[in-house]
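Down below is the structure, laid out as structure tokens.
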Amino acid sequence: MNVLEMDNIKKSFGSKVVLKDITLKVKKGEVVSIIGPSGSGKSTLLRCATFLEHIDNGEISYTGKKIVTSNAGSAVYPHKKELQQACSNFGLVFQNFNLFPHFSVMKNISDAPVVIQKRNKEEVYKEVRELLKKVGIEDKENAYPCELSGGQQQRVAIARALALKPKMLYFDEPTSALDPEITAEILRVLKSLAAEKMTMVIVTHEIDFARAVSDRVVFMDGGIIIEEGKPEDVIDNPGNERTKAFLKKLHI
């Protein structure tokens, strides 16, 4: 079953075309890494998939249900309530963490499940403590974001996304703001999620990580998907000259 289907996605900002005609499908339990040069449209694609940006044309479905449809060359979005329901399918981890500075770690993670999903507070707190253990910061539930390192904040952001029990997770450059040692810690967390068959789409510049953890690698450039396939094909034996040139620049 496909958790996500994006068909013929087009997106422009003014006269600048950012996504030209993207079709992407993600199966349940699959880890897809999206790589490519800056300005290739990777983050915009994620923002469109999570409804933070409106597409100009195309269709977006979650678990077989069409959320965004196409009519007469334009994208049609549902009412706010239906869109909010669709958002429960996924969690999104930003590269700059986006934690609430005036909330403790516990409140940052538990707030949405309790307030939005109307779940039992004690039950949620118990689950949050398990998630904090899972991401390796069980001793930080009463800390505030300003008291945490960048890597710890990123792990809180991952726990917060998992607390909503989404069907899939999106990561936008999850390690770009972190130093190499902390990057390794975050990659370990993502690898453990991959081992548990969490469906994930990861925009990353960490090519070794993409090779190690992905079921599929997508190479984007100039607003289109140039090449996609198994990591050993796309990264180690690319068929397209643009992919080869990109990886050569990174000394892969």
Side-chain angles (χ1 to χ4, degrees), residues 1 3-4 26 28-31 46-47 49-52 62-65 67 78-172 174-175 177-178 182-202 213:
M1 180 188 79
V3 179
L4 169 72
V26 180
K28 188 173 191 269
E30 190 177 27
V31 179
L46 240 60
R47 290 179 69 80
T50 55
F51 314 124
L52 292 172
Y62 279 97
T63 61
K65 187 182 180 195
I67 311 298
H79 294 300
K80 191 178 173 185
K81 195 175 179 187
E82 195 180 328
L83 204 57
Q84 281 174 335
Q85 280 177 330
C87 287
S88 67
N89 285 291
F90 56 78
L92 174 59
V93 179
F94 300 89
Q95 65 187 81
N96 56 351
F97 324 133
N98 281 22
L99 301 177
F100 294 112
H102 55 293
F103 282 5
S104 68
V105 165
M106 175 58 82
K107 191 162 170 58
N108 257 293
I109 300 170
S110 64
D111 202 54
V114 172
V115 176
I116 295 167
Q117 294 183 333
K118 306 280 192 281
R119 283 162 52 197
N120 177 277
K121 194 174 177 180
E122 292 313 312
E123 198 179 290
V124 170
Y125 276 24
K126 190 180 169 208
E127 285 174 15
V128 170
R129 289 188 181 107
E130 284 167 13
L131 286 171
L132 288 174
K133 198 170 179 183
K134 186 179 200 165
V135 298
I137 48 168
E138 59 266 46
D139 58 335
K140 299 293 182 188
E141 71 171 78
N142 296 315
Y144 285 81
C146 65
E147 300 170 315
L148 304 176
S149 69
Q152 289 167 336
Q153 288 186 55
Q154 187 62 295
R155 282 184 269 180
V156 174
I158 293 168
R160 181 176 63 180
L162 288 167
L164 290 163
K165 302 191 174 178
K167 294 184 176 72
M168 69 182 293
L169 286 180
Y170 290 101
F171 294 87
D172 187 9
T175 58
L178 307 173
I182 295 169
T183 291
E185 292 171 20
I186 299 303
L187 297 183
R188 268 200 299 276
V189 172
L190 296 190
K191 276 183 182 171
S192 73
L193 291 174
E196 291 171 14
K197 289 294 176 195
M198 183 75 203
T199 310
M200 294 188 279
V201 174
I202 307 165
V213 82

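Below, each value reflects all heavy atoms present in this structure, side chains not excepted, and no hydrogens, waters or symmetry copies.
- Identified under the ring pair (Phe, Tyr, Trp, His ring centres under 6.0 Å) test for residues 103-133, with sequence neighbours left out: Phe100-Phe103.
- With sequence neighbours excluded, no residue satisfies salt bridge (Lys or Arg N to Asp or Glu O under 4.0 Å) with Lys197.
- For Lys165, the salt bridge (Lys or Arg N to Asp or Glu O under 4.0 Å) partners at least two apart in sequence or on another chain are Glu127.
- The shortest side-chain heavy-atom distance between Leu46 and Val201 falls under the 4.5 Å cut-off.
- In terms of the salt bridge (Lys or Arg N to Asp or Glu O under 4.0 Å) criterion, residue partners of Lys107 (sequence neighbours excluded) are, by chain and number, Asp111.
- By the side chain to side chain donor-acceptor pair (under 3.5 Å) test, Glu130 is found to be paired with no residue, residues two or more places apart in sequence or in another chain being considered.
- Here Glu196 pairs with Lys134 under the salt bridge (Lys or Arg N to Asp or Glu O under 4.0 Å) rule; sequence neighbours left out.
- Residue pairs that meet the ring pair (Phe, Tyr, Trp, His ring centres under 6.0 Å) test with at least one member in residues 150-171, sequence neighbours left out, are Phe90-Tyr170.
- Taking the side chain as every heavy atom from C-beta outward, Leu193 and Ile158 approach each other to under 4.5 Å.
- Every side chain to side chain contact (heavy atoms under 4.5 Å, CB included) that Ile116 has, sequence neighbours left out, goes to Ala112.
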Side-chain donor/acceptor pairs under 3.5 Å, residues 138-150, sequence neighbours excluded:
| unit_1 | atom_1 | unit_2 | atom_2 | d |
| --- | --- | --- | --- | --- |
| Glu141 | OE1 | Arg129 | NE | 2.8 |
| Glu141 | OE2 | Arg129 | NE | 3.4 |
| Glu141 | OE2 | Arg129 | NH2 | 3.1 |
| Glu147 | OE1 | Tyr144 | N | 2.8 |
| Ser149 | OG | Gln152 | N | 3.2 |
| Ser149 | OG | Gln152 | OE1 | 3.4 |

Would you give me the side-chain donor-acceptor pairs under 3.5 Å for residues 184-191, sequence neighbours excluded?
| unit_1 | atom_1 | unit_2 | atom_2 | d |
| --- | --- | --- | --- | --- |
| Glu185 | OE1 | Arg155 | NH2 | 2.6 |

Passes side-chain contact (heavy atoms from CB on, under 4.5 Å), Lys167 versus Thr199? Steps please. CA-CA 7 Å; Lys167 294 184 176 72; Thr199 310; over 6 Å; no

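- Residues in residues 78-98 take part in these salt bridge (Lys or Arg N to Asp or Glu O under 4.0 Å) pairs, two or more places apart or across chains: Lys65-Glu82.
- With a 6.0 Å radius and a threshold of 12 heavy atoms from other residues, nucleotides or ligands, His102 has its NE2 atom above the threshold.
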